[in-house]
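Just so we're on the same page: letters track the sequence lines, and every chain starts at 1.
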Amino acid sequence: RDTPLLKRLNVYIQEPCEQYPTLESDESYTIVVTSDSAVLEAVSIWGAIRGLETFSHLIYPDDNLGLAINQTTIIDFPRFQHRGLLLDTSRHFISIKTLKINLEAMSNSKMNVFHFHIVDDQSFPYESRSFPDLSGAGAYNQDHVYSQEDIASLIEFARQRGIRVVVEFDSPGHTQSWGRVIDILTHCYSGGKPNNEFGPMDPSRNSTFNFLKKMFSEVATVFPDHYVHLGGDEVDFDCWRSNPDVQAFMKQMGFGNDYSLLEQYYMQKVVDIVGSTGKGYAVWQEIIDNNVTVKADTVVEVWKDPYPDELARVTKLGYRTLLSTCWYLNYISYGKDWVNYYKCDPHNFAGTDAQKKLVVGGEACMWGEFIDATNVITTTWPRAATVAERLWSAANVTDPNAATPRLEEHRCRYLRRGIPAAPVNGPSYCDFEFNR
Amino acid sequence: PWPQPQAIHTTPQQYGVHPAAFHFLVNQTSQTCDLLTSALDRYYKLIFYPYSYLNYILDPESVIDEIKDKPKKTLFDL
């Protein structure tokens with residue numbers, strides 16, 4: 001009876017609301033709970049949304065009071081601007097409903113970029129307006145597709161939570177599912193004859209780039225974020241070498257036998273096509289490794305080891321950089337594997353302050369070879385939350401022992417909220433177990 | 001909270017939080033927009049109805065009765 005009730009949270013946002021979050025959005029906020037009236041102040045709507053999430057963490061079940069909150073003062077802002085999670089929906093299809101549960105889980109850990117790795121060799125589930133046959137022939141079947149309405153509702157669901165949707169259309173490699181009806185892939189040859197196999201996109205034909213021009217102008221209108229991820233990783237040159245037209249093109253271009261020059265030529269054309277739509281682009285680090293000239297605002301994603309050397313090299317070239325090397329969460333192992341994720345740090349490399357500033361954050365990656373809607377949430381959460389803390393919290397928040405009880409509490413919070421976050425710290429329990 | 005805020009200070013002083021007594025207020029001088037009002041609605045449900053929150057945001061029709069029909073005190077007891 002004698003404990004005061006908290007009666008209100010006064011919310012104050014300084015700047016007019018932006019419509020979509022960006023890489024430059026201000027997510028800072030303060031919370032003061034010192035009387036029956038608490039205050040949440042933020043510069044932008046995105047900071048207010050982050051502050052509301054924190055406020056919801058401050059309220060806890062209490063035997064006497066039902067729900068309680070302690071007198072608290074918080075001043076908060078993210079250490080890194082780009083705190084992403086990649087999901088791969090090509091190797092296994094993942095329903096829109098499950099993708100939204102994942103977005104909800106991301107917002108509970110203040111992650112703010114959904115890297116939508118939507119297509120790849122195995123399947124093409126994106127229903128294109130310009131080229132409906134791409135999913136017609138490229139999807140696993142007509143149910144395993146994302147319609148334009150699905151995409152729009154996912155983008156809106158993410159926007160409500162201050163999450164950017166950065167879509168990846170990877171090329172020239174990883175495009176087998178693209179070529180089932182549109183002749184854009186390189187025909188491979190054996191013994192001087194086509195062998196009915198296909199390789200990367202065929203850079204020797206203008207028709208390839210005419211297709212890409214149309215495709216990426218559609219993508220630019222469907223996905224509002226300034227950035228599109230162009231992939232560019234793991235290009236196998238064997239098929240290009242076997243094709244006589246590509247060989248002739250190499251001669252014509254004076255590339256000799258250096259097929260990385262052909263890859264550079266292809267990526268240069270693609271980044272110019274996407275650049276002409278006004279979009280920025282993110283690419284895997286191979287593009288830079290192969291000396292493609294890209295726009296200054298390009299974001300380069302490092303996925304190779306040893307990551308300190310890779311980060312030093314890419315930032316030395318002056319590009320904004322993301323780290324994902326140590327956060328491939330699809331590699332699972334028995335026990336507390338999250339401690340290694342927690343120890344990985346995007347500033348752990350030899351470089352100048354200017355180079356460190358170029359690191360804009362990182363991404364946890366969940367590749368889909370053995371992941372679909374049955375296990376994507378339980379495998380990703382709360383393990384990805386440890387990456388989220390690495391990317392949001394101060395650089396000196398590094399002690400996994402201090403983090404363990406807090407991570408347990410965060411996992412129980414996920415269960416209370418209906419999100420099946422798996423146990424990651426050995427035997428334990430939550431007051432409210434998952435029982436859907 | 002998770003992630004750990006840059007700076008946080010708490011004291012043992014508690015305040016009760018009751019769904020019938022608590023509400024969000026947007027300061028008169030604050031900017032506001034649809035994103036804020038929907039966020040406040042979402043977080044009210046997340047704080048006071050966590051168990052049915054996910055169903056609500058994924059399929060509001062399926063849950064709205066439950067939230068609407070449940071008298072606040074029952075939920076508070078929960």
Side-chain angles (χ1 to χ4, degrees), chain A residues 3-17 33 36 45 48-49 52-59 62 65-77 79 97 100-101 104 109-110 159-160 385 388-389 391-394 397 403 406-407 409-410 413 416-419 432, chain B residues 1-60 62-63 66 72-78:
Chain A
T3 306
L5 278 180
L6 178 68
K7 295 200 180 78
R8 68 188 71 80
L9 176 69
N10 259 300
V11 179
Y12 175 81
I13 301 177
Q14 190 179 306
E15 291 173 359
C17 296
V33 182
D36 65 352
I45 176 63
I49 290 173
L52 285 167
E53 180 62 39
T54 300
F55 180 72
S56 74
H57 292 196
L58 295 176
I59 294 174
D62 174 276
L65 298 166
L67 291 173
I69 187 170
N70 283 50
Q71 197 174 59
T72 301
T73 304
I74 289 177
I75 299 169
D76 204 7
F77 53 87
R79 180 183 171 205
K97 180 176 175 181
K100 286 180 176 178
I101 293 173
E104 185 66 28
S109 289
K110 297 191 179 72
R159 181 184 82 96
Q160 299 268 345
E389 177 141 297
L391 295 172
W392 177 281
S393 302
V397 177
R406 293 181 44 245
L407 183 59
E409 183 166 343
H410 194 47
R413 181 179 294 126
R416 261 203 314 276
R417 296 177 173 192
I419 294 176
F432 184 90
Chain B
W2 186 286
Q4 175 85 13
Q6 299 292 335
I8 178 170
H9 173 68
T10 59
T11 74
Q13 166 65 51
Q14 277 188 313
Y15 296 93
V17 187
H18 192 297
F22 175 82
H23 47 275
F24 290 114
L25 264 183
V26 179
N27 196 298
Q28 283 100 328
T29 59
S30 166
Q31 300 286 342
T32 187
C33 55
D34 70 303
L35 278 171
L36 180 60
T37 44
S38 58
L40 296 177
D41 175 58
R42 224 178 36 246
Y43 278 99
Y44 187 89
K45 289 182 175 65
L46 192 53
I47 291 166
F48 295 113
Y49 306 107
Y51 312 108
S52 38
Y53 167 77
L54 202 58
N55 285 338
Y56 171 74
I57 55 164
L58 293 172
D59 180 8
S62 73
V63 172
E66 185 187 345
K72 296 225 192 310
K73 75 171 177 51
T74 327
L75 195 100
F76 186 57
D77 294 349
L78 253 184

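The distance from the CD1 atom of B/I8 to the CG atom of A/L58 is 6.0 Å, given to the nearest 0.5 Å. Between the CZ atom of B/F24 and the CZ atom of A/R8 there is a distance of 13.0 Å, given to the nearest 0.5 Å. A distance of 10.5 Å separates CZ of B/R42 from OG of A/S56, quoted to the nearest 0.5 Å. The structure places OG of B/S30 at 9.5 Å from CG of A/N10, a figure rounded to the nearest 0.5 Å. Taking NE2 of B/H9 as the reference point, atom CD1 of A/I74 lies at 11.5 Å (rounded to 0.5 Å).
Here the closest non-hydrogen pair linking B/A39 and A/L52 is CB-CD1, 3.9 Å. Across B/L54 and A/G418, no two heavy atoms sit closer than the pair CD2-O, 3.2 Å. The minimum heavy-atom distance linking A/S393 with B/Q4 is given by the pair OG-O, 2.7 Å.
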Using the rule given for side chain to side chain donor-acceptor pair (under 3.5 Å), can you reason through A/Q160 versus B/S38, listing the C-alpha separation, both sets of side-chain angles and the distance that settles it, and then say yes or no?
CA-CA 8 Å; A/Q160 299 268 345; B/S38 58; 2.6 Å; yes
For B/T11 and A/Q71, what are the C-alpha separation, side-chain angles and deciding distance, and is it a side chain to side chain donor-acceptor pair (under 3.5 Å)?
CA-CA 5 Å; B/T11 74; A/Q71 197 174 59; 2.9 Å; yes
Test log, rule side-chain contact (heavy atoms from CB on, under 4.5 Å), inputs B/V17 and A/L65:
CA-CA 7 Å; B/V17 187; A/L65 298 166; over 6 Å; no
In sequence, state the C-alpha distance, the side-chain angles, and the governing distance for B/Y53 and A/E104, and then conclude on side chain to side chain donor-acceptor pair (under 3.5 Å).
CA-CA 11 Å; B/Y53 167 77; A/E104 185 66 28; 2.9 Å; yes
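A heavy-atom distance below 4.5 Å is not found between the side chains of B/W2 and A/E409. Within the 4.5 Å cutoff, the side chain of B/Q6 has no heavy atoms near those of the A/I75 side chain. The side-chain heavy atoms of A/L9 and B/F22, taken from C-beta on, include a pair separated by under 4.5 Å. In this structure the side chain of A/V11 reaches within 4.5 angstrom of the side chain of B/L40, judged on heavy atoms. Between B/Y15 and A/N70 there is no side-chain heavy-atom pair separated by less than 4.5 Å. Between A/H410 and B/P3 the shortest side-chain heavy-atom distance does not fall below 4.5 Å. The side-chain heavy atoms of B/Q14 and A/D62, taken from C-beta on, include a pair separated by under 4.5 Å. With a 4.5 Å cut-off on side-chain heavy atoms, A/R417 and B/L46 count as touching.
At a 4.5 Å heavy-atom cutoff, A/L391 makes no contact with chain B through either its backbone or its side chain. For chain A, the nearby parts of B/T29 are the backbone and the side chain; heavy atoms of each come within less than 4.5 Å. With a 4.5 angstrom heavy-atom cutoff, A/I45 touches chain B only via side-chain atoms. With a 4.5 angstrom heavy-atom cutoff, A/I49 touches chain B via backbone and side-chain atoms both.
For chain A, the option among B/L36, B/D34, B/V26 with the highest count of heavy-atom pairs below 4.5 Å is B/L36. The candidate from A/V33, A/T73, A/V397 with the greatest count of non-hydrogen atom pairs under 4.5 Å with chain B is A/T73. Considering only heavy-atom pairs separated by less than 4.5 Å from chain B, the leading option among A/R416, A/K7, A/Q14 is A/K7. If you tally non-hydrogen atom pairs under 4.5 Å between each of B/I57, B/L58, B/L35, B/I47 and chain A, the highest count goes to B/L35. Interface remark: of the candidates A/A394, A/A48, A/A388, A/A394 forms the most heavy-atom pairs closer than 4.5 Å to chain B. Residue with the most contacts toward chain B among A/R413, A/R406, A/E15, A/R79: A/R406 (heavy-atom pairs, distance under 4.5 Å).
Ring geometry for B/Y51 against A/F432 counts as tilted: the plane angle lies between 30° and 60°, on a 0 to 90° scale.
Judged by distance alone, with hydrogens and angles left aside, the side-chain atoms of A/T3 form no donor-acceptor pair with the main-chain N or O of B/G16 at under 3.5 Å.
For A/W392, there are no ring pair (Phe, Tyr, Trp, His ring centres under 6.0 Å) partners two or more places apart in sequence or in a different chain.
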